Amino acid sequence: MSTTAASSAFPPPSSHPLSPAFPGRAPWGTAGKLRAWQHGAMEAYLAAQPRDFLAVATPGAGKTTFALTLASWLLHHHVVRQVTVVAPTEHLKAQWADAAARIGIRLDPEYSAGPVGREYQGVAVTYAGVGVRPMLHRNRCEQRKTLVILDEIHHAGDSRSWGEACLEAFEPATRRLALTGTPFRSDTNPIPFVTYAEGNDGIRRSVADYTYGYGNALADGVVRPVIFLSYSGSMRWRTKAGDEVAARLGEPMTKDATSQAWRTALDPRGEWMPAVLRAADRRLTEVRRSVPDAGGLVIASDQDSARAYAKLIREITGEAATVVLSDDGGASQRIDDFRTSQGRWLVAVRMVSEGVDVPRLAVGVYATTIATPLFFAQAVGRFVRSRRRGETASVFLPTIPSLLGFAHELELERDHVLDKPKKAGEEDPYGPEADLLKDAERQKDEPDGEQDQLPFEALESEAVFDRVMYDGAEFGMQAHPGSEEEQDYLGIPGLLEPDQVRLLLRKRQERQIAHSRRKPDEEADLLELPAERRPVVSHKEMMELRRELNSLVGAYAHQSGKPHGVIHTELRRACGGPPTAQATAGQLRQRVLKVREWATRMR
């Protein structure tokens, strides 16, 4: 079908029955009855009329709207006679049925077997449900022309059995629409009904039929810009061997030490979590000045932590938080109640991280040790659903190198990679993430052995405001919780244009630097350098920097005839700082540049 023919076959946005930003009011930046990207995706689909179509759209962009618009068109034109929606969780299954009902498509979210009631035009099921009875769904597809909507299709690659079940169940389907906000996985399980193409490097990657990334959505005003507020601080814990260890979040550490410091920070009995929750609540109060119904979400690692955080929130705010646990039968109802309430805080374990639509969430606390880009992107996606022009989202993080890296890469588009070659002697960069991803996608809080992986006892923790990350830049100097310097960043208005946010952050940092310069040196109890001059690096990156410096010093020693020790001493004299083993990443980089400069002069 030609593009022109497709456009004429697709009713113009103004005549479509959906509301502007279905199921709510249209935010600034939308086009007619559909957002511009949704209309563009519809035109792309109708121009090709494919059997399989993969739409990749950032969390919060409105994939449900697009899918139901397409379902409505296909039903109306008798291309299909029924619809099957496959969702990752029970809650999302019900959410799809509710959304479809608003435009007159009746889906049965309780379907398990047998004929579907005559009042329904289809069913909403889970991937796990399909995995149990694939032939049931295959028979339904064979009996009537079916559109299958595979929500968050990457879940079909969770296990070989789920993928095989989806292939078996929906191979006869007339049309298949795959949706995802995060099409990448850390394993190499192929995702059913997704096309893979081999690149020039010989690696096969998923190919989307239509892509709408976070950067595009941000430029269109469809999603909110995200302000990340990072907190560091000193941690102390006891290992299984009885050794006491002290470290500071953000300092280069081994993988195990980073994990234990991170878990110490999240321990509700320490001082770090209460300080960060108080800061997040102050930020929520500021946002609610211009967005009165704004809500906050704490994403916890486990049930015990979730309940403890809720107790802390009650002590801080005087108001009970809504607690959602994924194995609790009333979880979906509590999410629905919170969505329409004026309550301040929701505390959840995992299940709110993906697909759950609570547009009023504007402030988040990332209080889980899950460190995969997929989970992080889905978690941040809970806060970016824009309802009006100028809204911003604020997410509080511990100063962990991987998390800060994910925050900086939020606009990066990824594809699912089937082939991940490993060079000889090189550590598999996807390996550490694989087990975490499986854990992140669990639907129930079953004992998973995580607490036994790194046995330790958290002894004490303290929080320090570290930095603000926004639009790829970093702002701020370290400050104590409750200080005027911290409040400068927490008090940024909740309704601002993106360029105004950057301008305000720059002014806040300039004011903080000026205040610092007026203080006597003996009062500088924190590292008083702007964030961009305090890079957060991993233990591995520090090793590489030291290795690079030592290699350059060796080459310069051969060139100049000076001993290695003399050159290191001259570098310290020229650049300042301690010996190489104690030097920071910034100091090491300065010495690398300096020795390169010396070597260039000798040529």
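Any value given below was found using the heavy atoms of this structure, including those in side chains, with hydrogens, waters and symmetry copies removed. Just so you know, these numbers come straight off a predicted model, no measurement behind them.
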Any chance you could lay out the side chain to side chain contact (heavy atoms under 4.5 Å, CB included) test for D281 and T285, step after step, and finish with the verdict?
CA-CA 6 Å; D281 190 67; T285 295; 4.3 Å; yes
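- The minimum heavy-atom distance linking V287 with A294 is given by the pair CG1-CB, 3.7 Å.
- Residue pairs that meet the ring pair (Phe, Tyr, Trp, His ring centres under 6.0 Å) test with at least one member in residues 479-510, sequence neighbours left out, are F465-Y489.
- Of the possible donor and acceptor atoms, one in the side chain of S461 sits under 3.5 Å from a partner among the backbone N and O of W272.
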Walk me through whether E484 and H515 qualify under side chain to side chain contact (heavy atoms under 4.5 Å, CB included).
CA-CA 11 Å; E484 291 183 12; H515 181 260; 5.8 Å; no
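- A donor-acceptor pair under 3.5 Å is absent between the side-chain atoms of R508 and the main chain of F475, judged by distance alone.
- Counting only heavy atoms from C-beta outward, the side chains of V226 and F383 never approach each other to under 4.5 Å.
- Counting heavy atoms from C-beta on, the side chains of W345 and Y309 never come closer than 4.5 Å.
- Two residues are said to be in side-chain contact when any heavy atoms from C-beta on lie closer than 4.5 Å; T368 and F375 meet this criterion.
- Using a 4.5 Å heavy-atom cutoff, the side chains of H408 and E474 are in contact.
- Take E486 and apply the side chain to side chain donor-acceptor pair (under 3.5 Å) test, not counting sequence neighbours, and it matches Y231, R282.
- Shortest non-hydrogen contact noted between A261 and M253 is CB-CE, 4.0 Å.
- Heavy-atom minimum distance, V349 versus A306: CG2-CB, 3.7 Å.
- Partner of W237 under the side-chain contact (heavy atoms from CB on, under 4.5 Å) criterion, out of R263, E457, Q260: Q260 alone.
- Pairs of residues two or more places apart, or lying in two chains, never qualify as ring pair (Phe, Tyr, Trp, His ring centres under 6.0 Å) while including a residue from residues 490-511.
- Take T264 and apply the side chain to side chain donor-acceptor pair (under 3.5 Å) test, not counting sequence neighbours, and it matches no residue.
- Taking H564 as the reference, nothing meets the side chain to side chain donor-acceptor pair (under 3.5 Å) condition, with sequence neighbours excluded.
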What verdict does the side chain to side chain contact (heavy atoms under 4.5 Å, CB included) test give for L229 and L490, after you've listed the backbone C-alpha separation in whole Å, the side-chain angles of each residue and the deciding distance to 0.1 Å?
CA-CA 9 Å; L229 299 102; L490 299 180; 3.9 Å; yes
Checking Y366 against V380 for the side chain to side chain contact (heavy atoms under 4.5 Å, CB included) test, could you report, in this order, the C-alpha distance in whole Å, the side-chain angles of both residues, the deciding distance, and whether it holds?
CA-CA 9 Å; Y366 194 88; V380 173; 5.9 Å; no
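- Remark: E460 CD to D267 CG distance equals 11.5 Å, nearest 0.5 Å.
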Return all side-chain donor-acceptor pairs below 3.5 angstrom for residues 499-507, not counting sequence neighbours, or 'none' if the list is empty.
{"unit_1": "Q500", "atom_1": "OE1", "unit_2": "E497", "atom_2": "N", "d": "2.8"}
{"unit_1": "R502", "atom_1": "NH2", "unit_2": "D471", "atom_2": "O", "d": "3.1"}
{"unit_1": "R502", "atom_1": "NH2", "unit_2": "D471", "atom_2": "OD2", "d": "3.2"}

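- A donor-acceptor pair under 3.5 Å is absent between the side-chain atoms of T180 and the main chain of V56, judged by distance alone.
- Note: Q512 CD to E485 CD = 5.5 Å, rounded to the nearest 0.5 Å.
- Between T399 and D466, the side chains place a donor N or O and an acceptor N or O closer than 3.5 Å (distance only, hydrogens not considered).
- Listed for the T58 side chain is no donor-acceptor partner under 3.5 Å among the backbone atoms of A61.
- Summarising the geometry, atom CD belonging to E391 is positioned 6.5 Å from atom CG belonging to L495; distances are rounded to the nearest 0.5 Å.
- Between G250 and V536, the shortest heavy-atom contact is O-CG1, 3.9 Å.
- Considering only heavy atoms from C-beta on, L397 comes within 4.5 Å of F376 through its side chain.
- Here the shortest heavy-atom pairing between S230 and L404 reads OG-CD1, 4.0 Å.
- We find the CZ-CD distance between R382 and Q378 to be 5.5 Å, quoted to the nearest 0.5 Å.
- Contact check for E570 versus W598: side-chain heavy atoms found under the 4.5 Å cut-off.
- In terms of heavy atoms, I313 sits closest to A321 at CG2-CB, 4.1 Å.
- Separation of atoms CE (M235) and CD (E271) is listed at 10.5 Å; rounding is to 0.5 Å.
- A salt bridge between R596 and E548 is present, with a side-chain N of the basic residue lying under 4.0 Å from a carboxylate O of the acidic one.
- By the 4.5 Å heavy-atom criterion applied to side chains, R283 and I492 are counted as neighbours.
- For the pair L549 and L571, the minimum side-chain heavy-atom distance is below 4.5 Å.
- Within the model, atoms NE2 of H558 and OG of S560 stand 10.0 Å from one another, a figure rounded to the nearest 0.5 Å.
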